[in-house]
Amino acid sequence: MMKSRFAPSPTGYLHIGGARTAFFAWIWAKKQHGKFVLRIENTDLERSTQASVDAILQGIDWLGLNYDEGPLYQTDRFNRYKQIIQHLLDEKKAYYCECSKKRLKILREKLTKQGKKAKYDGCCRDKNLHNGVVRFNNPKEGVVVFNDVVKGKISINNQELDDLIIARNDNTPTYNLTVVVDDHDMKINIIIRGDDHINNTPKQINLYQALGWHLPEFAHLPMILGNDGIRLSKRHGAMSVMAYRDAGFLPEALLNYLSRLGWSYGNQEIFSINEIVKLFELKNINKASASFNQDKLLWFNKETIKSSSVKNLLSNLTWHLQNQGITIKDTPNIEIVVRYLQNRCKTLVNMACELKMFYQDFDTFDEKLAKKFFKDKIPLKHLLVELEMLNTWKADNIKEVVKQVCFELNIGFGRVGEPFRLALSGDGNAGGIDIVAELVGKNKALLRLKMAIDF
RNA sequence: GUCGCCUUCGUCUAUCGGUUAGGACACAAGGUUUUCAUCCUUGUAAGAGGAGUUCGAUUCUCCUAGGCGAUGCCA
C-alpha cells in the first residue's frame with residue numbers, strides 16, 4: 001500500500017507553496033490507489049496555534065484534498081518520541097548536552113569566521129551527562145547518498161552534518177526526530193515535500209539507519225517563488241489559499257495552475273483534476289523553482305469557469321453571493337443567468353457583481369456613462385413606447401424592436417443599444433442587450449427605462 | 001563564509017545528441033462585436049558564460065557566474 005502525507009506545521013495559514021506540496025502528495029496517493037495522510041507537526045509548542053490548524057484544515061477542505069488518515073497531531077505522540085529518544089540514549093546513539101546557547105553562538109561565529117561549516121563541536125559527546133538537550137550522535141565519516149525521485153542522486157558528506165538536537169531542554173522532541181518516527185510509524189513510503197528539506201534528508205536518513213528502519217523514497221519539489229524571484233513563504237508574499245477563494249477563484253482552477261508550476265504533460269495546459277491524477281508522474285516534475293504568475297492563474301480561472309458545470313459554479317458562488325449580500329429570486333432562473341455569465345466572467349467575484357442587476361434594483365446610474373449615453377433621451381423614449389407594446393418578451397423580439405427604433409430614427413445600433421444597456425444595468429457592465437433584457441424581465445426593464453429617461 | 005540544489009522567450013514550460021528550438025500566459029497589431037468582456041488571426045521574444053566529449057550539442061562532462069535553499073533548543 002502506497003502512502004504519502006502532507007505534514008504542515010501550524011504556524012500560519014495554508015499558502016500557495018504548501019497547497020501545491022499537499023496537492024502533489026495527494027495526486028500521487030490517488031494515482032497509486034494509496035492513502036493520503038494529513039499530519040500536523042506541532043512540536044514547537046510556542047509557535048503552533050489552533051487558529052493555524054483550523055486555517056490549514058479549511059484550506060485543504062476548500063481545495064478538496066480529502067485525506068484518508070488524520071489529522072494526526074504530533075502532540076498526541078510525545079510518549080512515543082520519548083521512548084525512541086530513550087532508546088537512542090541507551091544505545092549510545094544519542095547523548096545529553098549541556099552547552100549553553102551562548103557558548104553555541106560563540107562557537108558558530110568562530111567557525112564561520114574561519115570559513116568552516118558552523119556545527120556543534122561534540123563538546124558533551126563523551127561526558128555521559130543526564131540533563132540538557134539530547135543530541136543525535138551523527139556518523140562522523142562516510143557519505144549519505146540517496147536517489148531523489150525528482151532531483152536524482154544527491155550526496156552529502158557526513159562531515160557536513162551536525163550532532164543535531166533531537167530533544168529540547170524541556171524534553172519536547174524536535175522536527176528531524178519526529179518526522180522520522182512518524183513517517184516510519186505511519187508507514188509512509190514516499191515523502192513528497194519542498195526542496196528546502198533536502199538538507200534535512202541526510203540527517204533523517206542517518207536517524208532511520210540508527211533505528212534500523214527501512215528508508216522511504218524521497219521526492220523533493222522545487223520551490224515556488226514570488227514575482228520578485230524570492231521564495232514564497234509565510235513571511236514573504238504568499239497569499240493564503242482562502243484569499244484566492246475570496247478573490248473569486250475556483251479551486252479546480254487554482255489546482256490546475258499549481259500543477260503546471262513544475263509539472264507538465266507535453267503542451268497541454270488545461271486539465272481536470274481526474275486527468276492530472278491519471279497523467280501525473282513525479283519524474284515529469286521540473287527540477288528548477290518556478291515563479292508564481294497571477295495573470296496566468298486568472299486565465300486558468302476564466303477557462304475553468306467557461307467549462308464548468310452550472311451546478312459547480314452555483315455551489316462555489318454561494319459564498320460570494322452571501323459575501324456581497326445578494327439574494328437570488330425565482331426569476332430569472334439562476335441557472336440560465338449563470339450559464340449566460342460564465343462566458344464573460346474571469347472570477348466569481350466578477351460573476352456575482354454582474355449577477356446583481358438581474359435580482360437587485362438600483363436607484364442611480366454610473367455618472368460618467370450617463371453623461372455620455374443619456375444625453376439624448378429620444379432613443380430611450382422610442383424604445384420605451386415600442387417595448388411596452390411588445391407581447392413576446394424574448395431576446396429575438398427585443399432585438400427586432402431595437403432595430404426598429406434605429407430604423408425610425410435613422411441611427412446606428414450603438415446609439416440605441418448603449419443607452420439601453422446602461423439603463424438596464426446601471427453600470428453599463430452587461431453583455432448583449434437582447435438577452436440581458438429578456439432575463440431582467442419586461443416589468444423591470446420598462447421601469448429602468450423610465451428611470452433612465454427621468455435621470 | 002561553508003555545504004546542497006538549480007539555470008530554455010518577461011513568466012510557466014516542450015525537447016529523451018541532428019528541430020526554421022514548439023506551446024501557453026502576458027504584451028503588440030489587426031479582425032468580429034451594440035460599451036466592457038468574449039472570440040479569431042498575426043507578431044515580438046529564449047538555450048547564463050567558458051572549456052571539453054562528439055561528425056554534430058539546448059541536450060552529456062567539467063569550470064565560472066548567478067539564483068534559491070540550508071547552516072535554529074523552527075518545520
Side-chain angles (χ1 to χ4, degrees), chain A residues 7-11 41-44 46-48 74 97 99-101 104-105 108 111-119 132-135 148 151-152 154-157 159-162 164-176 178-179 193-202 220 222-223 225 227 229-231 257 260-270 284 286-300 302 306 341 343-346 350 354 369 372-373 399 402 406 412-422 425 427-434:
Chain A
S9 67
T11 54
E41 309 222 319
N42 56 349
T43 58
D44 186 341
E46 281 181 26
R47 298 204 308 150
S48 302
Q74 292 191 319
C97 166
C99 291
S100 67
K101 288 187 184 179
L104 262 19
K105 194 182 166 216
R108 266 197 292 271
L111 288 169
T112 305
K113 223 175 194 172
Q114 289 174 359
K116 289 181 186 162
K117 183 88 182 175
K119 60 173 201 172
V133 301
V134 179
R135 285 183 183 274
D148 193 275
K151 302 270 183 179
I154 294 175
S155 60
I156 294 183
N157 204 308
Q159 284 171 7
E160 299 297 329
L161 267 27
D162 216 351
L164 71 160
I165 290 170
I166 55 176
R168 301 182 182 90
N169 228 334
D170 62 1
N171 286 325
T172 57
T174 62
Y175 168 70
N176 281 299
T178 59
V179 182
R193 68 203 337 180
D195 70 9
D196 49 337
H197 284 287
I198 284 183
N199 295 281
N200 290 138
T201 307
H220 286 100
M223 297 279 93
L225 312 178
N227 266 333
I230 296 173
R231 171 195 168 195
Y257 174 65
R260 291 286 296 102
L261 247 32
W263 173 75
S264 63
Y265 183 75
N267 278 337
Q268 190 172 343
E269 296 282 350
I270 303 217
N284 290 343
N286 232 14
K287 292 179 184 182
S289 47
S291 298
F292 189 82
N293 185 275
Q294 188 86 10
D295 284 333
K296 188 146 186 184
L297 171 59
L298 203 57
W299 176 78
F300 271 107
K302 186 190 80 186
K306 269 206 304 198
L341 289 175
N343 284 318
R344 45 180 289 114
C345 295
K346 286 185 179 175
N350 187 215
E354 294 216 9
L369 292 172
K372 190 172 164 194
F373 295 130
K399 194 168 192 170
V402 177
C406 292
F413 203 110
R415 293 278 302 280
V416 183
E418 287 170 5
F420 191 18
R421 176 178 296 103
L422 179 58
S425 63
D427 59 8
N429 207 351
I433 41 145
D434 46 356

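None of these values were measured; they are calculated from a predicted model. Protein chains get the first letters and strands the later ones, always in sequence-line order, with residue 1 at the start of each.
Side-chain proximity of A/Glu418 to B/A14, B/U34, B/G69: nearest is B/U34. Looking at the side chain of A/Ile198, the nearest of the listed nucleotides B/U34, B/C5, B/C73 is B/C5. Listed nucleotides: B/C6, B/C73, B/A70. Nearest to the side chain of A/Arg108: B/C73. Residue A/Ile433 places its side chain closer to B/U34 than to any other of B/G23, B/U34, B/G69. Here the nucleotide nearest the side chain of A/Tyr175, chosen from B/A70, B/U34, B/A75, is B/A75. For A/Val133, whose side chain is taken as the heavy atoms from C-beta onward, the closest listed nucleotide among B/C73, B/G23, B/U71 is B/C73. Taking only side-chain atoms of A/Lys101, from C-beta outward, the nucleotide of B/C73, B/A70, B/C5 with the closest atom is B/C73. You'll find that the side chain of A/Asp44 is closest to B/A75, out of B/A75, B/A14, B/A26. The A/Asn293 side chain lies nearest to B/U11 when the options are B/G4, B/U34, B/U11. Listed nucleotides: B/C5, B/C73, B/U13. Nearest to the side chain of A/Ala290: B/U13.
As rounded to the nearest Å, B/A48 and B/U58 have C1' atoms that lie 12 Å from one another. With both ends at atom P, the span from B/U71 to B/U64 equals 25 Å, rounded to whole Å. B/U7 sits 24 Å from B/U44 when the C1' atoms are compared, rounded to a whole Å. Comparing B/C12 with B/C74, their P atoms are spaced 34 Å from each other, to the whole Å. Between B/G18 and B/U61, the distance separating the two P atoms is 16 Å to the nearest Å. Rounded to whole Å, the separation between the P atoms of B/G49 and B/C9 comes to 10 Å. Comparing the P positions of B/U54 and B/C16 gives an interatomic distance of 23 Å, to the nearest angstrom.
The two residues A/Lys287 and A/Pro222 make their nearest non-hydrogen contact at O-CB, 3.6 Å.
Base pairing of B/A57 is not made with any nucleotide, judged by Watson-Crick or G-U wobble geometry with both donor-acceptor distances under 3.5 Å. Shown here, B/G43 forms a base pair with B/C27; the pair counts as Watson-Crick or G-U wobble because both key distances fall under 3.5 Å. Under the Watson-Crick and G-U wobble criteria, each requiring two contacts below 3.5 Å, nucleotide B/U34 is left unpaired. Here B/U71 sits opposite B/G1 as a Watson-Crick or G-U wobble pair (both hydrogen-bonding atom distances under 3.5 Å). Pair assignment for B/C6: B/G66, on the basis of Watson-Crick or G-U wobble contacts that are both within less than 3.5 Å.
Per the stacking criterion (ring centres < 5.5 Å, plane angle < 30°), A/Trp299 does not stack onto the base of B/C25.
Taking 3.5 Å as the limit, the base of B/U34 and the side chain of A/Arg421 contain a donor-acceptor pair of atoms between them. With hydrogens and angles ignored, a donor-acceptor pair closer than 3.5 Å exists between the side chain of A/Glu269 and the base of B/G23. Contact of A/Asn200 with B/A75 (side chain to base): a donor-acceptor pair of N or O atoms is detected under 3.5 Å. A donor-acceptor contact under 3.5 Å is not formed by the side chain of A/Asp195 with the base of B/G69.
Within the nucleic acid shown, A/Asn169 comes within 4.0 Å of at least one base atom, counting heavy atoms only. A/Lys346 comes within 4.0 angstrom of the backbone, heavy atoms only, and of no base. Residue-level contact check: A/Lys287 touches the backbone only, with heavy atoms under 4.0 Å from sugar-phosphate atoms and none from bases. A/Gly428 comes within 4.0 angstrom of a base, heavy atoms only. No contact: A/Lys105 has no heavy atom under 4.0 Å from any strand. At a threshold of 4.0 angstrom between heavy atoms, the contacts of A/Gly132 with the nucleic acid are absent.
Distances shorter than 4.0 Å separate some side-chain N or O of A/Lys302 from OP1 or OP2 on B/C39. One finds a side-chain N or O of A/Lys306 lying less than 4.0 angstrom from the OP1 or OP2 phosphate oxygen of B/C39. Residue A/Ser9 places none of its side-chain N or O atoms closer than 4.0 Å to OP1 or OP2 of B/C74. A close approach under 4.0 Å does not occur between any side-chain nitrogen or oxygen of A/Ser289 and OP1 or OP2 of B/C68. When the side-chain nitrogen and oxygen atoms of A/Thr43 are compared with OP1 and OP2 of B/A75, one or more of them lie within a distance under 4.0 Å. Note on A/Arg344: every side-chain N or O is 4.0 Å or more away from OP1 and OP2 of B/C39. OP1 or OP2 of B/A75 has at least one side-chain nitrogen or oxygen of A/Arg168 nearer than 4.0 Å.
With rounding to the nearest 0.5 Å, the separation of CZ in A/Arg47 from OG1 in A/Thr11 is 5.0 Å. Annotation: the span from A/Asn350 atom CG to A/Asn429 atom CG amounts to 7.0 Å, rounded to 0.5 Å. Separating the CD1 atom in A/Ile154 from the CG atom in A/Asp195 is a distance of 8.5 Å, to the nearest 0.5 Å.
Place A/Phe413 and A/Trp263 on RNA chain B by their nearest nucleotides, and A/Trp263 ends up nearer the 5' end.
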*Run the numbers on A/Ile433 and A/Phe413 for side-chain contact (heavy atoms from CB on, under 4.5 Å), then give the verdict.*
CA-CA 11 Å; A/Ile433 41 145; A/Phe413 203 110; 4.0 Å; yes
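Considering only heavy atoms from C-beta on, A/Ser9 stays 4.5 Å or farther from A/Asp44 through its side chain.
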